[in-house]
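Taking it in order: structure first as structure tokens, then the write-up.
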Amino acid sequence: MTTVPDVSAASITPVVVRLKLSLLRNGLRQSGGRRAAYIVSVVVALLVAALQLLGLIALRGNAHAAAVSLPLVAVLALGWAVMPLFFPSGDETLDPTRLVMLPLRPQPLVRALLVASLVGVGPLFTLCLLTGSVISVAHGTTAWVTAVVGVVLALLVCVALARAVAAANIRLLSSRKGRDLAVLSGLVVAVGAQLVNFGAQRLGSSGGLSALDPAADVLRWVPPASAIGAVDSASEGSYGSAVVQLALCGAALAGLLALWSRHLTRLMTSPDGSTLQAAEPAARERGSSGLARLLPAGRTGTVMERSLRYVWRDPKTKAAWVTSLAIGLIVPVFNALQGTGSAYFACFAAGMLGIQMYNQFGQDTSAFWIVAMTISSTRDAYVELRGRALALLLITLPYATLVSVLTTALLGAWRQLPEVLGLSFALLGAMLATGAWSSARFPYSIPQEGYKNVAPGQAGLAWIAIFGGMVSAALLSAPVIALTIWLNVSADGDRWSWLLLPLGALYGALITLLGLRLAAPRTARRLPEILAAVSKG
């Protein structure tokens, strides 16, 4: 009679650690470029960690050292929480569904995966920052003993937080829509950079590090920052507070491990869509509803609806739109909040969204052949381009107006609102015109998988299309820009500045129509070349 050996945590842990090391080693063997990228990323991460460590050590003895260390640890924990959502493929062992067919119990598996999670650049980076944080606030033997316990607890909480989030969302992250979340990581970086820049400037103008004291007073009771707060409390002789803060961090670790174990049990015992037939209802009649009913009839409305569906459903198109919408709002509004901006910065919103008109056919990828089959004349090409431009205007016009009103309101520059709107509409029209022509003259493919937005070998086309088109749009907007400058330097300019709004809107509409008219014949003639270019990826 054969007995099945009991698989204990002691036997699982070394195996899982070796598994992670093997996955890392085999991944680096795939190509020299991947090895070089990994080595560069490791060097950069360790260099940043070393600089942070030295900076935190330099804070030792400063009265506001805790005000820096506590928010830093809280932000670090936040990074661990969102990392699995935006980089689901960064660690193959984050996906426990790969182990569901093995005779493993959740509790030993949790302990084994927790130890394996401590192997990597991320935990080492976190350890450096946690070590620097406790060095900056620790004073006395009791504080140093507390620091050892606090660093271990804080590191385990960060790792367990990432694992619990990954296990709770693994069905989403392993699906196509989940992987598409990674496309939005660029938006998070862009928005985060602006927020950090804004916060640093506000911090510099509000009296220094003392402005962080209220936030630190709250965060010292929030795990894992409470572990650093315990070290600070022990340094000040508040041993009771230190014990409570360590207990809070320990309780958070226990809760995260329990949550992680619960999700692992569910993943390893419950069926998913791959084992159950989807309960699809019978074929349903689908008619036009919602916004589609408000669109024009005929080909124009069909093209508009298709373009809007791409914006909502296609991951790459959605990511480009969301990024443009966010940055187009952040740049003028944040500068206005800092008191260093200008009302004319609101034109940045129209410029960011106008870029979406470039490479219109490349957004369709290989599906463009269906559209190409419906274009048999210059008229068909013109209606196709017009529908795409109108779909873009449906979002861009109210958005550019909103950003302009908000920016001028924050600056109190209501007199400049007609000028800003006129310039925005003229710039938008110029970008629609050059974008339509550029889409026909310099089309390129957008890969659907991965993070690249240009197919290999077409980077030159992308640079020419986008930057050449933007320069052309700026030149086409020159008459309205010149009129704005003349009215601002003229003695009676204030009386007539309101004319810039209707003139800018009219100029933008005319230049758009002209651009569509000029791009339509080229589109109709170059359909085979366009189809070949956009299908390359």
Side-chain angles (χ1 to χ4, degrees), residues 296 300 324-325 327-337 339-358 382 385-386 388-438 469-519:
T300 300
S324 296
L325 288 168
I327 298 179
L329 177 66
I330 288 173
V331 170
V333 169
F334 273 39
N335 279 279
L337 288 173
T340 59
S342 166
Y344 298 107
F345 279 15
C347 298
F348 195 78
M352 287 298 300
L353 294 190
I355 294 176
Q356 304 307 317
M357 188 63 187
Y358 294 86
Y382 173 74
L385 290 170
R386 184 181 64 185
R388 293 173 183 251
L390 289 175
L392 190 144
L393 286 172
L394 198 62
I395 302 174
T396 305
L397 283 179
Y399 176 79
T401 303
L402 174 64
V403 173
S404 300
V405 172
L406 183 58
T407 304
T408 52
L410 291 173
L411 294 172
W414 290 108
R415 185 191 63 80
Q416 294 179 304
L417 181 58
E419 303 176 18
V420 172
L421 287 174
L423 280 173
S424 295
F425 295 156
L427 176 62
L428 180 59
M431 297 194 75
L432 291 178
T434 57
W437 188 87
S438 179
M470 292 172 64
V471 172
S472 301
L475 294 176
L476 289 176
S477 305
V480 180
I481 296 175
L483 179 60
T484 304
I485 296 174
W486 181 77
L487 288 175
N488 276 276
V489 299
S490 175
D492 297 331
D494 290 344
R495 295 175 51 191
W496 305 104
S497 61
W498 63 271
L499 287 174
L500 283 170
L501 175 54
L503 289 175
L506 179 61
Y507 182 83
L510 293 176
I511 203 69
T512 299
L513 291 175
L514 179 61
L516 296 177
R517 292 288 183 185
L518 294 176

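Quick note: residue numbers are just sequence positions, from 1. Note: hydrogens, waters and symmetry copies are ignored here, and every other heavy atom, side chains too, is used.
Evaluation of the side-chain hydrogen bond (donor to acceptor under 3.5 Å, both in side chains) test over residues 469-480, restricted to residues two or more places apart or in two chains, returns none.
Y344 OH to S424 OG: the interatomic distance, rounded to the nearest 0.5 Å, is 11.0 Å. Here the straight-line distance linking atom CZ of F348 with atom CD1 of I330 works out to 10.0 Å at 0.5 Å rounding. Atom OG of S404 and atom CD of Q416 lie 11.5 Å apart (nearest 0.5 Å). Note: W496 CH2 to W486 CH2 = 10.0 Å, rounded to the nearest 0.5 Å. To the nearest 0.5 Å, atoms OG (S497) and CG (N488) are separated by 7.5 Å. How far CD1 of I481 is from CG of L475: 9.0 Å, rounded to the nearest 0.5 Å.
A side chain to side chain contact (heavy atoms under 4.5 Å, CB included) with F425 is found for one member of L506, V420, L503, L397 and no other, namely L397.
Annotation: side chain to side chain contact (heavy atoms under 4.5 Å, CB included) contacts of T512 (sequence neighbours excluded): L432, L516. When the side chain to side chain contact (heavy atoms under 4.5 Å, CB included) test is applied to L406, the partners found at least two apart in sequence or on another chain are L329, V333, L410. For T300, the side-chain hydrogen bond (donor to acceptor under 3.5 Å, both in side chains) test picks out R386, with sequence neighbours left out. By the side chain to side chain contact (heavy atoms under 4.5 Å, CB included) test, L514 is found to be paired with I511, L518, residues two or more places apart in sequence or in another chain being considered. Legend: residues meeting side chain to side chain contact (heavy atoms under 4.5 Å, CB included) with A349, ordered by chain and number and at least two apart, are Y399, V403.
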Which pairs would a plain distance check flag for residues 350-358, meaning a side-chain donor or acceptor within less than 3.5 Å of a matching protein atom at least two apart in sequence or in another chain?
| from | atom 1 | to | atom 2 | distance (Å) |
| --- | --- | --- | --- | --- |
| Q356 | NE2 | S324 | OG | 2.8 |
| Y358 | OH | T434 | OG1 | 2.7 |
| Y358 | OH | G469 | O | 3.1 |

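Looking at every heavy atom in both residues, A346 comes nearest to T407 through CB-OG1, 3.9 Å. When every heavy atom of A430 is checked against every heavy atom of A473, the shortest pair comes out as CB-O, 3.5 Å. Contact between A343 and L411 at its shortest, heavy atoms only, is N-CD1, 3.4 Å.
Within the 4.5 Å cutoff, side-chain heavy atoms of V405 are placed close to those of W414. Side-chain contact between E419 and L487 is absent, with no heavy atoms from C-beta onward closer than 4.5 Å. At least one side-chain heavy atom of T396 sits under 4.5 Å from a side-chain heavy atom of L428. Contact annotation: the side chain of L423 approaches that of V480 to within less than 4.5 Å [non-hydrogen atoms, C-beta and beyond].
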